[in-house]
Number of protein chains: 2
Amino acid sequence: MAQSSTVVQGDAQDIVDCDLAHEIEFLAVKAAANGTRRANQMLAPLGLKVRHYAVLSLACSSISPSQRMLADFLDLDPSQVVALVDELESRGLVRRVVDKKDRRTKVIRGTSRGEELCEKAAALTREAEEISLGPLSEAQREALRQILRSLVFGASEA
Amino acid sequence: MAQSSTVVQGDAQDIVDCDLAHEIEFLAVKAAANGTRRANQMLAPLGLKVRHYAVLSLACSSISPSQRMLADFLDLDPSQVVALVDELESRGLVRRVVDKKDRRTKVIRGTSRGEELCEKAAALTREAEEISLGPLSEAQREALRQILRSLVFGASEA
DNA sequence: TTCAACTGTTGTCGATTTCAATCATTACGA
DNA sequence: TCGTAATGATTGAAATCGACAACAGTTGAA
């Protein structure tokens with residue numbers, strides 16, 4: 001794309017060619033921020049944010065995560081997990097179950113209402129992802145998913 | 001008592017197989033957070049965070065960004081840009097230059113000291129990226145960069 | 001001229017992050 | 001065994017970041 005003789009003062013057109021706009025770190029932050037913003041406003045009608053959905057999703061999965069596991073996996077401070085679980089529990093979406101093998105740890109389980117809401121939230125999240133990933137082909141999305149997984153979790157194969 | 005062959009208590013081994021760990025949105029946030037954290041502690045000796053580096057980098061580029069452009073491009077509130085530029089200006093790294101064509105806008109330009117520090121910061125950022133992207137091959141990194149660029153700059157709407 | 005729109009700036013309020021301290025429980029070593 | 005360290009959850013406070021409204025100065029257009 002030859003810009004030729006356009007004498008336009010630095011517009012948003014050529015800012016995407018600067019060094020910064022080629023750094024993966026910068027691009028990842030921007031993409032993640034866009035996706036989170038979109039997902040948040042998509043989940044708003046359910047009174048949830050992506051954070052709540054993350055906890056709810058794990059609570060409703062076959063995994064029985066302790067709050068410590070949630071903090072580690074979601075990169076949250078334990079106190080933040082307390083607040084999140086408090087909120088979800090007060091809405092009757094999850095409950096704390098003390099582990100019989102270690103009475104210090106509390107396992108978070110989704111209730112039936114929690115699972116019901118989780119499914120709706122998952123649908124909305126998929127919809128948000130569908131919009132956010134609009135300009136990407138299906139092959140690109142799968143490649144992105146795989147690269148991100150090996151980046152986040154280390155070596156992983158399909 | 002343990003009921004028959006109940007599934008093994010969820011460890012960190014199988015949490016990476018849950019639905020959430022396959023959502024691109026979730027993975028992107030995690031990857032971006034990891035990268036930002038690493039870059040921040042890499043830039044710490046220079047008294048900079050990635051935010052400051054982003055502004056400094058753009059100020060030192062051939063683009064002469066106004067604060068408005070910085071806010072738009074970096075997804076920041078204009079008031080946040082004021083604070084960032086204030087800090088960098090007080091350290092003699094950038095300066096505000098009023099645009100003669102439009103005296104409302106102030107163009108941010110890096111000083112010689114700013115450019116000097118920006119080069120060091122760029123080197124450290126590349127080093128941080130090198131570490132963060134460790135498990136990825138060169139081809140994967142290039143693919144990731146390309147996909148992220150088309151995702152971020154490909155189609156913009158509000 | 002007059003008014004609307006825009007840029008930078010300040011201030012504020014709520015959310016989020018981070019850290020230290022505490023209680024209950026478990027694990028380990030003398 | 002006892003005593004001490006370590007861990008999980010919880011609370012609370014401090015620091016930081018985010019979004020938002022209001023304002024002054026400037027520009028552009030009717």
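The chains referred to below are lettered A, B, ... by the order of the sequence lines, with proteins before strands, and numbering in each begins at 1.
- Taking every side-chain heavy atom of B:K106 into account, C:dT9 is the closest of C:dT7, D:dC20, C:dT9.
- Taking 4.0 angstrom as the limit, A:Q80 places a side-chain polar atom (N or O) nearer than this to OP1 or OP2 of C:dT17.
- Taking each heavy atom of A:C18 and B:I63 in turn, the nearest pair found is CB-CD1, 3.8 Å.
- Contacts of B:S79 with the nucleic acid, taken as non-hydrogen atoms under 4.0 Å apart, include base atoms.
- Residues from residues 44-59 of chain A lying near DNA chain C, meaning a heavy-atom separation below 4.0 Å, are A:K49, A:R51 in numerical order.
- Listed for the B:S90 side chain is a donor-acceptor partner under 3.5 Å among the backbone atoms of B:E87.
- A donor-acceptor pair shorter than 3.5 Å cannot be found between the side chains of A:N40 and A:R37.
- Side-chain atoms of B:S61 come within 3.5 Å of backbone atoms of B:L58 as a donor-acceptor pair (strictly under, hydrogens ignored).
- Counting heavy atoms of neighbouring residues, nucleotides and ligands inside a 6.0 Å radius, atom CZ of A:R145 exceeds 12 of them.
- A:L88 places none of its side-chain heavy atoms less than 4.5 Å from the side chain of A:L117.
- When the C1' atom of C:dA21 is taken as reference, atom CG of A:D77 falls 13 Å away, rounded to whole Å.
- For C:dT9, one of the phosphate oxygens OP1 or OP2 lies less than 4.0 angstrom from a side-chain nitrogen or oxygen of B:R96.
- Judged by atom type and distance alone, B:T105 does not reach the base of C:dC6 through any side-chain donor-acceptor pair under 3.5 Å.
- In the displayed structure, B:Q146 atom CD is contacted under 6.0 Å by at most 12 heavy atoms of other residues, nucleotides or ligands.
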Taking protein heavy atoms under 4.0 Å as touching, what does nucleotides 22-30 of chain D look like 5' to 3' if B marks base contact, S marks sugar-phosphate-only contact and - marks none? ---BBS---

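- Rounded to whole angstrom, the span from the CZ atom of B:R68 across to the P atom of C:dT9 amounts to 14 Å.
- At least one donor-acceptor pair closer than 3.5 Å links the side chain of A:R113 to the backbone N or O of A:R91.
- The distance between atom CD of A:E87 and atom P of D:dT10, rounded to the nearest whole Å, is 15 Å.
- Between B:A31 and A:L148, the shortest heavy-atom contact is CB-CD2, 4.2 Å.
- Per the geometry, CG belonging to B:L76 stands 16 Å off C1' belonging to C:dT9, to the nearest Å.
- Straight-line distance from the CG atom of A:L84 to the C1' atom of C:dA15: 12 Å, rounded to whole Å.
- Nucleotide C:dC6 holds its P atom 17 Å from the CD atom of B:Q67, rounded to whole Å.
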